[in-house]
Amino acid sequence: MLSRVADSMYWIGRYLERAENTLRILDVNMNLMLEGSSTGSETRWRRVLRAFSAPAGVDERDSDLTIESLTFDLNNRASIASCVAAARENARQVRDEISSEQWQKLNSLYHRLSGMQTKQQRPMLSDAMQTILDGIYLFQGVTDTTMTHGEGWQFIRTGRFMERAVQTATLLELYYHELYLQRDLLQESAQYLEWVGLLRSCGAFECYCTTYTADLTPERILEFLLLNRKFPHSLWYSVNAIVEALAGIENDSRRTRADELSRRAGRLRAMLSFAQIGEIIEQDAGVYLRQILNQCRMIQELTYRLYISYSIDTTLTM
Amino acid sequence: MSPHRLMPPYNRLMTEYNLDGAFDEMFMESGEPRAHYSELLKAFLAMPGEEREARKHSADVSFLTEGITFTVYGRDEGTEKIFPYDLLPRIITNTEWQRIEEGLQQRITALNLFLRDVYHEGKILQDGIVPREIVYTCRHFRREMRGLQVPRNIYIAVTGSDLLRLESGEFVVLEDNLRVPSGVSYMLTNRRALKRTLPNLFRKYRVRPIDHYAQALLSTLRSLAPDGRPEPTIVVLTPGPYNSAYFEHTYLARQMGIELVEGRDLLVHNNLVYMRTTDGLRRVDVIYRRVDDDFSDPLAFRADSTLGVAGLLNAYRAGNVSIANAFGTGLADDKALYAYVPAIIRYYLGEDPLLNNVETYLLTDDRQRAHVLANLEKMVVKPVGESGGYGMLVGPQSTAEQRAQFREAIEASPRNFIAQPTLTFSRAPCLFEERIEPRHVDLRPYILYGDQIQIVPGGLTRVALQKGSLVVNSSQGGGSKDTWVLDG
């Protein structure tokens, strides 16, 4: 497969996953706005903006503007509309390497979003968001059912789960610092709402309840989102999916030896597999999460160095 | 020339069918159908309206599923549209085809020899057959190609010449496309759609197959591979998804089972060309190039091109990669040079041309220019370096203002234009909703030149779908139809 094609596949996966995460987090926080809580909505929006590494200039005191900027604003590279547009642009570059169904679904999602550019044309925000989310789910569905599960598909998966791992870890880190470490300062009911917010942001509330009952404790929530092996948005699950996708890519290529890459990815999975939530919290979960984020960055860099943007010299001597 | 004359009213379908002086592909002057069209006509006249609709629909579906579409990006649904095509095939008898085939073989052989000569010894220039000014003032002349040894001495591996049929029924060459001719994918997909749509007619007519085009193209490209590369890696080089022929590029790459690359996928190191894959760098031996000369190598040609591959020309010069077509072939399809092609054929082959040119006035010649300027409203004036029907003046349909503009432009730079008398070229029946009407058509056969010259029988018949229009280019609202060459 051409490196350029692999690059596009990876970013199709990443951008759409990013759009999906943004959508979910926004939805959760818009709901929380309706509940009176002692965590001011400003603090919460600041946290949201940090989660998206949103550009400076977005004023967290104006929640309407913040929402607008994160959904439909094409000038904000992190907005949902920008992410979908970027995914579609990547798909267009590899139009021939993905299935027609994938292209059609992504293209029509893009056009639906373009149609929502002005407020007059827009349905109610919650309906608009549901439409977009459905569009993304549809694309993911046809990706799995209509595309050959070869190298291209594995690159889409790598991108998708890389984004998910990074997002989950970033969110956890923020909540750990702002909520867990400051739990003595906050009312219990306010805390409860915030933790539910975290779970919902990861689409995890229902799955959490089935595993632990509705008894919410920060330790269990962290354990669930970090280490659970069955829940598709947990860090362990995401990292495991990356390991598998990378192994699939390595199997497909005849010459490339991915020793270092698979060692790194495997080690990251081991870091999660053999961890215990008590230990993690005792030794500072913030540090632990930052390590994971660093490892993710490293894995992406190695993937690129190996398959996509390798230097000419290294391969010519092979 | 007979005036407008109504055809015998076969039935409701044909009420709008008039014969006007142009050669009609289906009907003789007497109003009787030509022998090779009678089965087709019978079948369509006998066909109930609903069946016609159903067949048309089935062809539409076939085009859609084959992916012969262009995406309407602005559209709400982002749906894909099919290119305009016509359900009635254009039929060419075997005798007619033999003449075309021999004529094109002769013409392409001579043009290839001409390119080889001009880029090496230049004998034809010394002998004064072709004036030096024509060559050296041509925008597509590439000084870089001087003395460069191209594989097997083949400059023009893939070409498509546009033929017209005059009132007399004679086929003439309107222009040669020796750079990056397109449209072959429509030829192939028209056939597939029609086979599915009109299987019975195919059984009645013995139509010569064209499906092997992709295979023939691949073997032509393979035959040009550098020496010592028995298993050459062959790629299609495209300018990318923004190019209007991108669909064709992907189609051909898929049909040949080879990689479709963009300039940024390739790199040149030590005069070897590589493509960047997830499996490391892979050497590339043959490039089927669908990027114009100008944009192919920012080091050699336009420095601002981001579509090309830096160092490609040097790798080519070193003989490490074969490129089809070679650079600088546009010299031989320059519209001013076109006037010299009959002389070129005589010079290199010592034969008379089997296919004639259209009468062409060179505007650098004072007498010819004076004649053209005095008769602009009867002329077609074309810029020499353009293709695709852009920038033309069609005299009879022009305004006084347009003529004045062209007069000024011609006087300012006579080398940039040629003129031809307005031609009445042939018309073929086309199916519209409720009737069959005649429309003007041309024919673009595709010529492959590797070990030998191969022309798949037929080509792309382009139709000027607008009533009365003479412009068949797809960029100008033309459509296409399947072309049947009959066996024996």
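Throughout, protein chains are lettered first and strands after them, A, B, ... in sequence-line order, and every chain is numbered starting at 1. Note that these values count all heavy atoms, side chains included, but never hydrogens, waters or copies made by symmetry.
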Which bit of B:Leu260 comes within less than 4.5 Å of chain A, counting heavy atoms only: side chain, backbone, both or neither?
-> backbone
Test of ring centre spacing under 6.0 Å for B:Phe247 and B:Tyr251 | yes
Heavy-atom proximity to chain B below 4.5 Å, by part of A:Ser309 | backbone
Which atoms of A:Ile308 come close to chain B, meaning under 4.5 Å heavy atom to heavy atom: side chain ones, backbone ones, both, or neither?
-> backbone
Classify the side-chain pair A:Tyr10/A:Gln300 by whether it contains a donor and acceptor separated by less than 3.5 Å.
-> yes
Does atom CD of A:Glu260 have more than 12 heavy-atom neighbours, drawn from other residues, nucleotides or ligands, at distances under 6.0 Å?
-> yes
Using the salt bridge (Lys or Arg N to Asp or Glu O under 4.0 Å) rule, take B:Arg254 and A:Asp96 through it: C-alpha gap first, then chi angles, then the decisive distance, then the call.
-> CA-CA 9 Å; B:Arg254 203 168 23 188; A:Asp96 205 39; 3.2 Å; yes
